[in-house]
Amino acid sequence: MSKKQRKFADDGWAIWIDGDDTSTLYINDWLNPKGRSYVDIAIRIRGIRLSKALHVYVPFAVSRDEIEDVSLLFNDTKILQATFSAACIVDYKKNEHTSEIAYNGKTVDIVHISTVDYRVEQMADGTLIDVDLCTLQPFLDNDEGYFIWRMPHKSLNDIFKPRVDMGNALTRLRDLITTPVVSEKYGYSIRVNESRLLPEEITRIGAFHRQKLKKAVITLSIDENYELNDSGCYRIHRLEENLYEEYLPADYNREDVITYQWNQSREDNLHGQFNFYYNVTKESISRGSMFLYMVLLMALGVIGNLIASYLWDLIIGLF
């Protein structure tokens, strides 16, 4: 018999760019139910030389010190090949703020956000990250630019945090005895630019409602020991172990990671919603049940020894 515990999170993300652009958002969730989770944010801006600012709202608290510029790893051509799914030629650190990458017949600028004076503003329910693109213009040579960074995904840590629901004492005791196997189901939804899930500080910004977002792609990376509902997958593949060896977040084993990719595009409706849902199921042995079994076994052993000693003494007394 298994006991199912369901947890759900529904997070609202937002991205908008001041300027003439049609952009793509990439989110890579590094889910680690046993430890710290991370998320990679990558944004491709088309028309970056006509754009003035990049704004990203994330639905959890993050400080500037926690934002890691993973674009600095792109001097490794293996990581480039894994990230862009193509052979790349890189002019690494061609100037103070950017590198230049040529692949699939086009050339783009990679902006190293760690060298840029961007702003991180804490809000009641999340964090707003603002990047001034005007000061970048002298360093940009191409009409297409990428930003990519990594940060701790604290909301997922809360979802996967072990929780104990004591409930009624007798009910809890019954569950511990009858339910050694615990099956936990975690549901998680990412909704991009959906106003109802965003704080008022974001929804009242006029530029947010005029955003142009062509496509959002989400890649979910999770330990293969967890069962995933992948009915909404666009593509499934095992992480390229050798190519990503130096790219993985801390505490991740490249041999244990599988990547699932969702893809939803809005070719005609640039103001469309981008909603992604997935759930993860985990089965484990209840430590409480194991402890209770050990206590019961020890108690039965002690009682058995007392009964045996009593019967032995009784038999000796009869003879």
Side-chain angles (χ1 to χ4, degrees), residues 13-28 39-58 62-77 79-80 83-84 86 88-123 127-151 192-193 201-202 204-217 266 270-271 274:
W13 300 62
I15 169 177
W16 69 99
I17 294 139
D18 297 340
D20 183 13
D21 68 276
T22 305
S23 305
T24 303
L25 170 67
Y26 301 86
I27 297 179
N28 184 3
V39 59
D40 292 352
I41 301 293
I43 300 163
R44 181 178 65 183
I45 303 176
R46 293 177 177 171
I48 190 171
R49 299 183 71 181
L50 297 177
S51 302
K52 299 178 178 62
L54 164 66
H55 312 275
V56 180
Y57 171 78
V58 297
V62 61
S63 67
R64 187 183 178 109
D65 293 339
E66 293 177 307
I67 295 176
E68 178 187 355
D69 186 358
V70 290
S71 72
L72 297 176
L73 300 176
F74 285 172
N75 61 334
D76 186 328
T77 54
I79 291 176
L80 270 179
T83 304
F84 289 89
C88 302
I89 300 174
V90 57
D91 182 0
Y92 184 70
K93 286 289 191 77
K94 70 170 185 176
N95 58 49
E96 180 181 351
H97 297 301
T98 69
S99 294
E100 189 174 74
I101 296 176
Y103 72 104
N104 290 343
K106 61 181 178 180
T107 305
V108 302
D109 286 314
I110 302 292
V111 179
H112 303 299
I113 194 170
S114 58
T115 68
V116 177
D117 186 21
Y118 62 95
R119 185 166 62 96
V120 177
E121 178 183 353
Q122 300 299 324
M123 296 185 173
T127 307
L128 180 62
I129 301 171
D130 291 323
V131 182
D132 180 10
L133 300 181
C134 293
T135 58
L136 272 177
Q137 296 305 324
F139 303 93
L140 299 172
D141 292 327
N142 300 282
D143 196 46
E144 201 167 292
Y146 276 81
F147 289 82
I148 182 169
W149 66 83
R150 176 176 297 161
M151 53 194 171
V192 182
N193 290 343
E201 298 100 311
I202 301 299
R204 68 188 180 195
I205 298 174
F208 161 71
H209 297 282
R210 298 191 299 271
Q211 59 83 26
K212 298 178 181 179
L213 189 63
K214 180 180 181 182
K215 182 171 64 175
V217 178
R266 296 291 186 271
L270 295 180
H271 293 275
F274 298 88

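Computed from a prediction, not measured in an experiment: that's the story for all the values here.
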Item to complete: Go through L25 and I41 one step at a time and tell me if the side-chain contact (heavy atoms from CB on, under 4.5 Å) criterion holds.
Response: CA-CA 8 Å; L25 170 67; I41 301 293; 4.2 Å; yes
Worksheet entry | Derivation of the side-chain contact (heavy atoms from CB on, under 4.5 Å) call for H97 and T135 | CA-CA 10 Å; H97 297 301; T135 58; over 6 Å; no
Item to complete: Report the C-alpha distance between Y92 and H112 in whole Å, list the side-chain angles of each, state the deciding distance to 0.1 Å, and finish with yes or no for side-chain contact (heavy atoms from CB on, under 4.5 Å).
Response: CA-CA 10 Å; Y92 184 70; H112 303 299; 4.2 Å; yes
Worksheet item: Can F147 and I45 be said to form a side-chain contact (heavy atoms from CB on, under 4.5 Å), step by step?
Response: CA-CA 8 Å; F147 289 82; I45 303 176; 3.9 Å; yes
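Contact check for M123 versus Y57: side-chain heavy atoms found under the 4.5 Å cut-off. Within the 4.5 Å cutoff, the side chain of I48 has no heavy atoms near those of the D109 side chain. Using a 4.5 Å cut-off on side-chain heavy atoms (C-beta onward), M151 and T127 make no contact. With a 4.5 Å cut-off on side-chain heavy atoms, V56 and V131 do not count as touching.
Just one of K214, R44, K215 meets the side chain to side chain donor-acceptor pair (under 3.5 Å) condition when paired with T24; it is R44. Among I110, L73, N75, I101, the one residue that satisfies the side chain to side chain contact (heavy atoms under 4.5 Å, CB included) test with L80 is I101. Considering D40, D69, V39, I129 in turn, I129 is the only one that fulfils the side chain to side chain contact (heavy atoms under 4.5 Å, CB included) rule with W149.
Atom OG in S23 sits 3.0 Å away from atom CD1 in I17 (nearest 0.5 Å). Atoms CG and CD1, on L72 and I113 in that order, are 10.5 Å from each other to the nearest 0.5 Å. To the nearest 0.5 angstrom, H55 atom NE2 is 7.5 Å from I205 atom CD1. Taken from NZ in K52 to CD in Q137, the straight-line distance is 9.0 Å, to the nearest 0.5 Å. Going from atom CH2 of W16 over to atom CG of N193 covers 8.5 Å, rounded to the nearest 0.5 Å. Here L213 contributes atom CG and I15 contributes atom CD1; the two are 6.0 Å apart, rounded to the nearest 0.5 Å.
Classified by interplanar angle (parallel below 30°, tilted 30° to 60°, perpendicular above 60°), the ring pair F84/Y146 is perpendicular.
Between the Q122 side chain and the V62 main chain, a donor and an acceptor come within less than 3.5 Å of each other. Using a distance-only test at 3.5 Å, with no hydrogens or angles considered, a donor-acceptor pair links the side chain of D132 to the main chain of C134. Proximity of a side-chain donor or acceptor of N95 to a complementary backbone N or O of F139 within less than 3.5 Å is detected.
Comment: R119 engages D130 in a salt bridge, judged by a side-chain N to carboxylate O separation of less than 4.0 angstrom.
In this structure, K94 places its NZ atom where more than 12 heavy-atom neighbours from other residues, nucleotides or ligands lie under 6.0 Å away.
Nearest approach of D141 to E100, heavy atoms of both residues: CB-OE2, 4.1 Å.
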